[in-house]
Amino acid sequence: MNVEELVKELKAVANPDDAVAMKAYMKNKFEFLGVKTPARRKLAKAFFKQQTDSVIDWNFINEAWKNPYRELQYAALDYLESRKKLLTPSDLPRLKKLAQTKSWWDTIDFLDRLVGSIMAEFQEPKLLFILKCDKNIGYGAWPIDHQLLRKEETDTELLKKILANNLAQPEFFFNKAIGWALRDYSKPNPDWVKDFIERYRVEMAALSIREGSKYL
C-alpha cells in the first residue's frame, strides 16, 4: 500500500479549521490535516481493502509513522487493528518501536490494546521481560495498561509484577497509568485493588492512589 495515495485521499476530505482545533487539543505537538475520526476510518477502511493477502504490511505502517500528519499515525493504528489477529509475540519489538516514536497518550492508548491482544492470545512468560517499563517507552502506559478492559480475564500475577516494578517512577504518565490500571480492575475485583494499594501505599504516588481508588 502506498502512503502517499492515502495522504492524497485524506487531504481531499480535510477541513483546515478542524486541523487547527485538533492540533490545539493535542497541545500543538503534532501537525494535522483536519480529518476527524469517523471520516478517517471510513476512508481508511476502503483504502485497506486494496491489500488482499493475509499479511501485515509493516512498510506501510512505518512510512505512515514517519509522515508529519498525525492522521497517518492514526491510520497505521487503524490498519493494525484490522490485522490484529495476525499479530504474534515476534511483532512486539515493532510495536515497542512505534511506542517509542512520536509518543503521546493517543497512540499509546491504542498500542496498549494491541499488546493486550497478543498477551491474551499467547500468554508467554518471557513477555514479562519485554514489557518491563523504561523511560524510553511512551509514558510507560504501554506495558502498565496493556490489560485494560480484560476484567475477569486479567492476569493478576502479571498485573501485580508490572505495577510493583514501576511504583518508584517519577514520570507523571507512569503514575497516571498505574492508577488507570488499578481503577479499571477495581470494577470486577475491588478487593484485589484495595489489598494492592494497602500493601504498596508507601511506595505509590498520590496520583496512582487517587486514580486507583476512584471506584472503591
Side-chain angles (χ1 to χ4, degrees), residues 1-122 124 127 130-131 134 136-143 145-146 148-149 173:
M1 295 185 293
N2 188 302
V3 170
E4 291 306 315
E5 289 181 10
L6 180 56
V7 173
K8 289 179 181 178
E9 293 187 29
L10 289 169
K11 283 183 175 180
V13 298
N15 183 323
D17 292 334
D18 288 337
V20 173
M22 293 164 78
K23 183 176 180 179
Y25 180 70
M26 294 302 293
K27 307 296 184 184
N28 297 313
K29 290 184 173 293
F30 308 101
E31 295 297 326
F32 283 85
L33 288 167
V35 183
K36 292 187 176 180
T37 300
R40 184 198 76 240
R41 285 183 173 164
K42 181 179 180 180
L43 190 155
K45 184 178 180 180
F47 182 83
F48 298 153
K49 286 184 178 179
Q50 67 181 270
Q51 183 188 4
T52 56
D53 51 338
S54 296
V55 297
I56 297 177
D57 187 344
W58 282 103
N59 183 62
F60 166 78
I61 293 167
N62 293 330
E63 288 302 310
W65 217 260
K66 294 175 185 177
N67 193 277
Y69 295 111
R70 195 60 165 170
E71 285 94 341
L72 273 298
Q73 282 88 71
Y74 297 157
L77 293 173
D78 291 336
Y79 172 71
L80 277 169
E81 176 66 22
S82 74
R83 294 290 193 276
K84 72 178 180 182
K85 290 184 179 180
L86 301 176
L87 290 169
T88 69
S90 66
D91 293 309
L92 279 169
R94 293 188 178 101
L95 295 177
K96 181 177 180 178
K97 186 175 180 179
L98 297 182
Q100 293 173 321
T101 311
K102 297 185 178 181
S103 299
W104 197 240
W105 62 265
D106 53 343
T107 53
I108 296 300
D109 282 357
F110 207 112
L111 289 165
D112 282 346
R113 297 191 292 273
L114 292 175
V115 172
S117 295
I118 295 173
M119 291 292 289
E121 179 69 22
F122 294 94
E124 295 189 15
L127 297 186
I130 298 174
L131 292 172
D134 63 64
N136 294 319
I137 293 180
Y139 305 106
W142 179 50
D145 283 344
H146 81 276
L148 287 181
L149 306 180
F173 284 97

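Excluded from the calculations below are hydrogen atoms, water molecules and symmetry mates; all remaining heavy atoms, backbone and side chain alike, are included.
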dist D109:CG -> L148:CG (nearest 0.5 Å) comes out at 8.0 Å
Quick one: are I118 and L95 in side-chain contact, heavy atoms under 4.5 Å? yes
Drop me the distance from K11's NZ to L6's CG, to the nearest 0.5 angstrom. 11.5 Å
Output, in order, the C-alpha distance, side-chain angles, deciding distance and verdict of side-chain contact (heavy atoms from CB on, under 4.5 Å) for L43 and R40. CA-CA 5 Å; L43 190 155; R40 184 198 76 240; 6.0 Å; no
Contacts of type side chain to side chain donor-acceptor pair (under 3.5 Å), residue T52, not counting sequence neighbours: none
Measuring from atom CG of D18 to atom CD of E71, what distance do you get when rounded to the nearest 0.5 angstrom? 9.5 Å
Could you list the residues that satisfy side chain to side chain donor-acceptor pair (under 3.5 Å) with T88, not counting sequence neighbours? S90
Contacts of type side chain to side chain donor-acceptor pair (under 3.5 Å), residue R113, not counting sequence neighbours: none
For residues 42-65, which residue pairs qualify under salt bridge (Lys or Arg N to Asp or Glu O under 4.0 Å), counting only residues two or more places apart or in two chains? E63-K66
With D17 via side chain to side chain contact (heavy atoms under 4.5 Å, CB included) - residues at least two apart: N15
For E5, salt bridge (charged side-chain N to carboxylate O under 4.0 Å, His left out) partners two or more places apart: none
Mind checking the CG-CD spacing from N28 to E31? Nearest 0.5 Å is all I need. 8.5 Å
Just by distance, do the side chain of Q50 and the backbone of F47 share a donor-acceptor pair under 3.5 Å? yes
Under 4.5 Å between any side-chain heavy atoms of F110 and L114, yes or no? yes
With rounding to the nearest 0.5 Å, note down the distance linking CZ in R70 to CE in M22. 11.0 Å
Which heavy atom in S103 sits nearest to a heavy atom in L98, and how many Å separate them? OG-O, 4.4 Å
For N67, the side chain to side chain donor-acceptor pair (under 3.5 Å) test, sequence neighbours excluded, returns none
Side chain to side chain contact (heavy atoms under 4.5 Å, CB included) filter on A19, not counting sequence neighbours, yields F32
For V20, check side chain to side chain contact (heavy atoms under 4.5 Å, CB included) against everything at least two apart and list the hits. none
Under the salt bridge (charged side-chain N to carboxylate O under 4.0 Å, His left out) rule, collect the residues that match up with D91, sequence neighbours excluded. R94
So do the side chains of W58 and L80 get within less than 4.5 Å of each other, counting heavy atoms only? yes
Backbone N or O of W65 within a donor-acceptor pair of the K102 side chain at under 3.5 Å? yes
With sequence neighbours excluded, tell me which residues meet side chain to side chain contact (heavy atoms under 4.5 Å, CB included) with K85. none
ring-ring contact (aromatic ring centres under 6.0 Å, His included) pairs, two or more places apart, involving residues 68-96: F48-Y79, F60-Y79
State whether the side chain of Q51 and the backbone N or O of V55 hold a donor-acceptor pair below 3.5 Å, judged by distance alone. yes
What's the spacing between W105 CH2 and K29 NZ if we round to 0.5 Å? 13.0 Å
